[in-house]
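Here's the structure we're looking at; comments come further down.
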Amino acid sequence: MQSIWNGAISFGLVSIPVKLANATVSHAVSFRQIHTEDGGRIRYRKVCELEEKEVPSSEIGKGFEDADGSIIPITEEDLASLPLPTTRTIDIVAFVESERIDPLQMGNAYYLMVNGAPAAKPYALLREALRRSERVAIAKFALRGRERLGMLRVVDEVIAMHTLHWPDEIRSPEEAAPETDVTVRDAELDLADALMDTLGDVDLDSLHDDYREAVEEMVTAKVEGREPAPEKEPAQGEGTVIDLMSALESSVREAKRSRGEGEGEDAGEEGSEKGKDAEVTSLSSRRRTGTRAKSSGGSGSGAKKKSAPAKKKASSGSGSGKSAASSSRAKSGSGRSSTAKKTASSGSGTKKTASSSTTKKKTASSRKRSA
């Protein structure tokens, strides 16, 4: 691993010779500027504005631009005379909990490697002290002509250092906050939590740069003289969310579907939703049927007509009571008619008995006269 800086970690009176190496590497595809007419390479040349000619690197120095636009030359001797004690030293100034470091402050990452065998022992001592204390070291160091702030922490068996922005370099977030007050409902938070739980954890090692792979495939296809494989177009999201609740619900379903989870649950939920819709439709139809049953029951003819089981169940208690009352009145009416008929028949029988007795009296009197 190539080092970019040599120096020492100052830990109290302990000095640990170390080398600094980049902990990250960029795999981004870089392009060159070309002349589109003939493909010629476009290069930048360092030209002096006064002489209008190209200047070699040996004749290029530093200058500070004043407010009025004038340039104040700064020589290397001027910079060397400034007090910069951390030129070759990573000076540890404090040990703090890692939670106190705002991620906004963190910049580039480096590995600190031992520089020589004698440095192994103090290096391991500092590493284990950081590991056991569960804290990080705050240090000052100079790199590329600037004094910087750094944070030392343990990564596996190595001490890593992150550059930190100075506190006054962090912008206030107030200007980036929404200007209007927004109220978030509990139901929306519940759906957001459900979406977070559905997305769940991820193996960071499995993440990769899809765009870089697509660019590399396109370049390879051009070199080989073939057409690149068509890429799937990503889903275009709308710029404005009309219904936040619907968007969250759809996001939860899509996240489950993409992970192959909850397909049975979704089907069950859809079935239950369809069941609920059917039940609502059935209940409303039952109410309409019950109303018709009530009106027909009041006329007295509804008891003779056939009705569906659903209509019978939907009929109210009052409708049933009217039918029962009509039935009982019919029975009582028929009973009175039978009694009247019996009385009439008994009365006619009495009349017949009386007439027969009168006939017998007339016959007896006629017999006496003849004698």
Side-chain angles (χ1 to χ4, degrees), residues 1-28 57-58 60-65 72-173 204-205:
M1 190 176 293
Q2 185 177 2
S3 63
I4 61 173
W5 180 90
N6 291 338
I9 300 175
S10 177
F11 179 32
L13 297 178
V14 178
S15 180
I16 311 171
V18 292
K19 296 184 293 185
L20 195 67
N22 286 312
T24 60
V25 58
S26 175
H27 292 292
S57 299
S58 59
I60 297 176
K62 295 181 176 66
F64 179 81
E65 186 176 2
I72 303 174
I74 303 296
T75 65
E76 295 295 333
E77 290 76 12
D78 295 333
L79 295 175
S81 63
L82 296 176
L84 192 59
T86 56
T87 302
R88 289 294 174 185
T89 305
I90 299 175
D91 187 13
I92 295 177
V93 296
F95 292 89
V96 300
E97 291 77 13
S98 58
E99 291 79 9
R100 290 182 54 185
I101 305 301
D102 192 333
L104 286 173
Q105 286 187 260
M106 298 180 67
N108 297 330
Y110 302 94
Y111 287 140
L112 295 175
M113 306 179 295
V114 294
N115 190 5
K121 180 67 175 182
Y123 183 95
L125 173 63
L126 177 59
R127 181 191 62 199
E128 297 306 316
L130 289 171
R131 194 198 306 275
R132 190 171 69 173
S133 66
E134 297 182 351
R135 289 185 290 180
V136 297
I138 303 299
K140 287 183 177 183
F141 68 102
L143 182 64
R144 298 187 179 97
R146 289 181 52 196
E147 186 172 52
R148 305 170 188 264
L149 193 64
M151 179 190 74
L152 278 64
R153 68 185 184 97
V154 178
V155 178
D156 293 336
E157 301 301 315
V158 179
I159 299 175
M161 182 174 68
H162 298 266
T163 58
L164 298 179
H165 294 287
W166 297 98
D168 59 357
E169 293 178 335
I170 305 299
R171 290 181 172 180
S172 173
L204 295 179
D205 293 335

For [X] and [Y], work out which heavy atoms get closest and say how close.
| X | Y | answer |
| --- | --- | --- |
| Leu104 | His165 | O-CD2, 3.6 Å |
| Lys19 | Asn115 | CG-CG, 3.7 Å |
| Pro17 | Ser15 | CD-O, 3.6 Å |
| Trp166 | Lys140 | CH2-CE, 4.2 Å |
| Pro73 | Asp78 | O-OD2, 4.4 Å |
| Ala139 | Leu152 | CB-CD1, 4.1 Å |

| said: Between Asp102 and Ile170, does the side chain to side chain contact (heavy atoms under 4.5 Å, CB included) criterion hold? Intermediate values first, please. | reply: CA-CA 10 Å; Asp102 192 333; Ile170 305 299; 5.6 Å; no
Counting C-beta onward and ignoring hydrogens, is there a side-chain heavy-atom pair between [X] and [Y] closer than 4.5 Å?
| X | Y | answer |
| --- | --- | --- |
| Pro122 | Val14 | yes |
| Trp5 | Val18 | yes |
| Phe141 | Leu149 | no |
| Lys62 | Leu79 | yes |
| Ile90 | Leu112 | yes |
| Arg153 | Leu130 | no |
| Leu20 | Met161 | yes |
| Ile92 | Ile138 | no |

Check whether any side-chain N or O of [X] sits under 3.5 Å from a backbone N or O of [Y] as a donor-acceptor pair, and report yes or no.
| X | Y | value |
| --- | --- | --- |
| Arg131 | Asp156 | yes |
| Arg127 | Glu157 | yes |
| Arg135 | Ser98 | no |
| Glu128 | Leu125 | no |
| Asn22 | Thr24 | no |
| Tyr123 | Ile159 | yes |
| Arg148 | Leu164 | no |

| query | If you measure from CD on Glu97 to CD on Glu134, what distance do you get to the nearest 0.5 Å? | reply | 10.0 Å
| task | Report the distance from atom CZ of Phe11 to atom CG of Leu126, rounding to the nearest 0.5 Å. | result | 5.5 Å
| request: Begin from the C-alpha positions of Met113 and Met1 and carry the test side chain to side chain contact (heavy atoms under 4.5 Å, CB included) through to its verdict. | output: CA-CA 9 Å; Met113 306 179 295; Met1 190 176 293; 4.2 Å; yes
